[in-house]
Structures are given as structure tokens and as C-alpha cells.
Amino acid sequence: MKNIIIFGAPGSGKGTYSEELVKRYGMNHISTGDVLRAEIKSGSEKGNEIAAIINKGQLIPDDFMLRLLADTYDKLDKDKGVIFDGFPRTIPQAQALKDMLAERGVDMGYMIELIVDEETLMERLLGRAIKEGRADDNEETIKARFDVYHKQTEPLSKWFEAEGMRHTFTWKGSKELMLSEIFAFLDKE
């Protein structure tokens with residue numbers, strides 16, 4: 001299986017759809033959000049720094065994220081393919097990931113872009129904040145994360161387009177419908 005970069009705004013379902021892809025195809029899954037939250041939970045100095053950055057709605061520095069990803073990636077069975085969930089978020093990160101994978105003789109694979117309207121995203125994120133008690137999901141921080149996404153991350157979709165990797169899937173009100181479209185695409189590849 002090829003690698004998959006799952007891409008979309010905060011709350012678009014990157015983690016949810018990644019889990020479904022893991023179930024169906026047996027792929028590895030690297031969720032930068034999960035990795036970062038685990039570091040924060042550890043209470044380490046690095047974790048406290050990460051928490052301060054995330055609570056402001058900002059992105060983690062590229063060099064730190066790439067080292068973390070490379071270490072995590074090197075421990076996985078690459079034959080199964082890897083889903084990158086939450087990374088890359090900028091063009092320099094995408095180029096760095098491409099280079100890191102090329103050093104290991106692997107290409108980036110597919111970029112699956114989840115397109116969801118902002119009203120739905122806000123509802124999801126506020127609901128998740130209540131359900132999971134996530135301090136990084138309050139209305140002010142969510143708006144800051146949307147702003148960062150539009151300015152820094154969204155332009156990356158054009159980079160993936162130029163690389164011939166971008167495949168878009170638009171929310172039509174049903175997780176099952178969106179999943180069936182993603183599965184249909186991957187099954188024919």
C-alpha cells in the first residue's frame with residue numbers, strides 16, 4: 001500500500017478517516033496530534049513547551065516535528081504503508097517529509113483532502129471539546145487555528161496538486177458517504 005497524507009482543516013475528520021483506513025487496509029498511522037498530546041501528558045519540559053504553542057493555536061516548529069516523525073516512522077513496518085495525519089501543514093514541511101521519505105527509498109503516495117465547511121467544523125470541534133475535555137478546543141483557539149490553517153496550511157493543497165498527489169473529497173453530510181468515496185478511490189488504485 002502507498003503512503004497516504006490525510007489533509008484538511010481542524011475538525012475535518014483526519015483522525016476518524018485515518019482509523020477507518022487502518023481498519024480496512026491494515027496501514028500504520030502516525031497522528032501528530034496524538035504524539036504531541038502524549039508528550040504534553042508526560043509533563044516533560046518539551047511537553048510544556050508544546051502545550052504553550054498549541055494553546056495559542058500555533059504550529060509546532062518544523063525541525064522538531066520532522067525529527068519526531070522520522071523517529072516514529074523508522075519504527076514501523078513500511079510494507080503496510082503509513083497514514084500521515086496532521087503533517088505536513090506547510091510547504092516547507094511537505095518538502096522536508098518528501099526528502100525524509102526519499103532518503104528511505106519511499107515516495108509520499110497520495111494526499112487525501114477532506115473538504116468540510118467551517119460551520120460544520122466549528123460544531124464538531126466544540127462538541128469534541130465537551131466530550132473529550134480538550135483545552136485546545138475552545139471557540140477562540142478554534143478561530144485562531146482556522147486562521148493559521150487558511151494562511152499557512154491551505155496553500156499546501158496547491159503544492160500537492162503540482163506533485164500529482166492531491167485527491168479531494170467533499171463533505172456531503174454523511175461520514176459513510178465520504179468513506180465510500182475514499183474507499184472506492186483507493187480500491188481502484
Side-chain angles (χ1 to χ4, degrees), residues 1-42 50 54 59-60 64-89 93-94 96-98 100-116 120-121 124-125 127-129 131-134 136-137 145 149 153 156-157 160 163-189:
M1 186 67 159
K2 284 190 173 189
N3 292 325
I4 295 173
I5 294 165
I6 197 144
F7 185 85
S12 61
K14 294 180 295 290
T16 299
Y17 292 102
S18 293
E19 288 174 14
E20 295 294 337
L21 293 170
V22 167
K23 284 181 204 171
R24 184 170 178 113
Y25 300 108
M27 300 178 74
N28 296 294
H29 177 211
I30 299 176
S31 165
T32 54
D34 290 348
V35 172
L36 292 171
R37 280 187 287 278
E39 188 68 39
I40 291 167
K41 190 175 181 180
S42 77
I50 292 167
I54 289 174
L59 298 178
I60 302 302
F64 175 84
M65 280 307 309
L66 196 61
R67 281 195 311 274
L68 183 64
L69 271 178
D71 290 345
T72 304
Y73 180 84
D74 288 340
K75 296 173 187 167
L76 301 174
D77 176 0
K78 281 63 148 193
D79 292 339
K80 293 180 175 182
V82 177
I83 299 168
F84 292 94
D85 167 3
F87 190 91
R89 291 187 179 189
Q93 286 179 356
L97 178 62
K98 180 180 179 182
M100 185 270 287
L101 291 171
E103 289 170 6
R104 290 154 176 81
V106 180
D107 71 26
M108 293 176 77
Y110 305 112
M111 182 272 249
I112 292 178
E113 184 172 7
L114 308 171
I115 299 173
V116 182
T120 300
L121 295 173
R124 286 181 183 177
L125 291 169
R128 182 172 79 180
K131 182 179 174 187
E132 297 178 13
R134 287 177 54 167
D136 61 323
D137 283 343
R145 290 170 66 199
Y149 174 78
T153 306
L156 183 54
S157 64
F160 282 115
E163 292 285 316
M165 297 174 51
R166 182 180 181 213
H167 304 279
T168 60
F169 300 89
T170 302
W171 177 251
K172 296 176 181 75
S174 162
K175 171 185 156 187
E176 291 72 26
L177 180 58
M178 199 155 174
L179 257 182
S180 69
E181 290 177 4
I182 294 169
F183 290 160
F185 163 72
L186 292 173
D187 288 347
K188 71 177 177 159
E189 292 298 310

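A heavy-atom distance below 4.5 Å is found between the side chains of Val116 and Arg124. Ser18 has its side chain out of reach of Met27: every pair of non-hydrogen atoms, C-beta onward, lies at least 4.5 Å apart. The shortest side-chain heavy-atom distance between Phe160 and Ile112 does not fall under the 4.5 Å cut-off. You'll find the side chain of Thr153 reaches within 4.5 Å of the side chain of Tyr149, heavy atoms only.
Put simply, NE2 on His29 and CD1 on Ile6 are 7.5 Å apart, with the number rounded to the nearest 0.5 Å. How far CZ of Phe169 is from CE of Met178: 8.0 Å, rounded to the nearest 0.5 Å. From Asp85, atom CG reaches atom CD1 of Ile4 across 11.5 Å, with rounding to the nearest 0.5 Å. Taking CG of Leu186 as the reference point, atom CG of Leu21 lies at 6.0 Å (rounded to 0.5 Å). A distance of 13.5 Å separates CZ in Phe87 from NZ in Lys14, rounded to the nearest 0.5 Å. Atoms CG and NZ, from Asp34 and Lys41 in turn, are 11.5 Å apart once rounded to the nearest 0.5 Å.
Remark: Arg89 engages no residue in a side chain to side chain donor-acceptor pair (under 3.5 Å) (not counting sequence neighbours). Residues meeting the ring-ring contact (aromatic ring centres under 6.0 Å, His included) test with Tyr17, sequence neighbours left out: none.
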Go through the steps to decide whether Asp74 and Arg104 satisfy the test side chain to side chain contact (heavy atoms under 4.5 Å, CB included), and finish with yes or no. CA-CA 9 Å; Asp74 288 340; Arg104 290 154 176 81; 2.6 Å; yes
List the steps, then state whether side chain to side chain contact (heavy atoms under 4.5 Å, CB included) holds for Ile182 with Leu114. CA-CA 10 Å; Ile182 294 169; Leu114 308 171; 3.9 Å; yes
Go through Met111 and Glu163 one step at a time and tell me if the side chain to side chain contact (heavy atoms under 4.5 Å, CB included) criterion holds. CA-CA 10 Å; Met111 182 272 249; Glu163 292 285 316; over 6 Å; no
Walk me through it: do Tyr25 and Asp187 pass the test side chain to side chain contact (heavy atoms under 4.5 Å, CB included)? CA-CA 10 Å; Tyr25 300 108; Asp187 288 347; 2.6 Å; yes
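Ring geometry for Phe185 against His167 counts as tilted: the plane angle lies between 30° and 60°, on a 0 to 90° scale.
Stacking of Arg24 on the aromatic ring of Phe183 is recorded, both the 6.0 Å distance cut-off and the 45° axial limit being met.
With respect to Ile5, the side-chain contact (heavy atoms from CB on, under 4.5 Å) criterion is satisfied by exactly one of Glu113, Arg166, Met108: Met108.
Under the salt bridge (Lys or Arg N to Asp or Glu O under 4.0 Å) criterion, the residue pairs touching residues 176-186 are Lys172-Glu181, with sequence neighbours excluded.
Checking side-chain atoms of Asn28 against main-chain N and O of Asp77 turns up a donor-acceptor pair under 3.5 Å.
The minimum heavy-atom distance between Pro88 and Ala94, with the atom names listed, is CB-N, 3.4 Å. Considering all non-hydrogen atoms of both residues, Ala96 and Leu66 come closest at CB-CD2, 3.5 Å.
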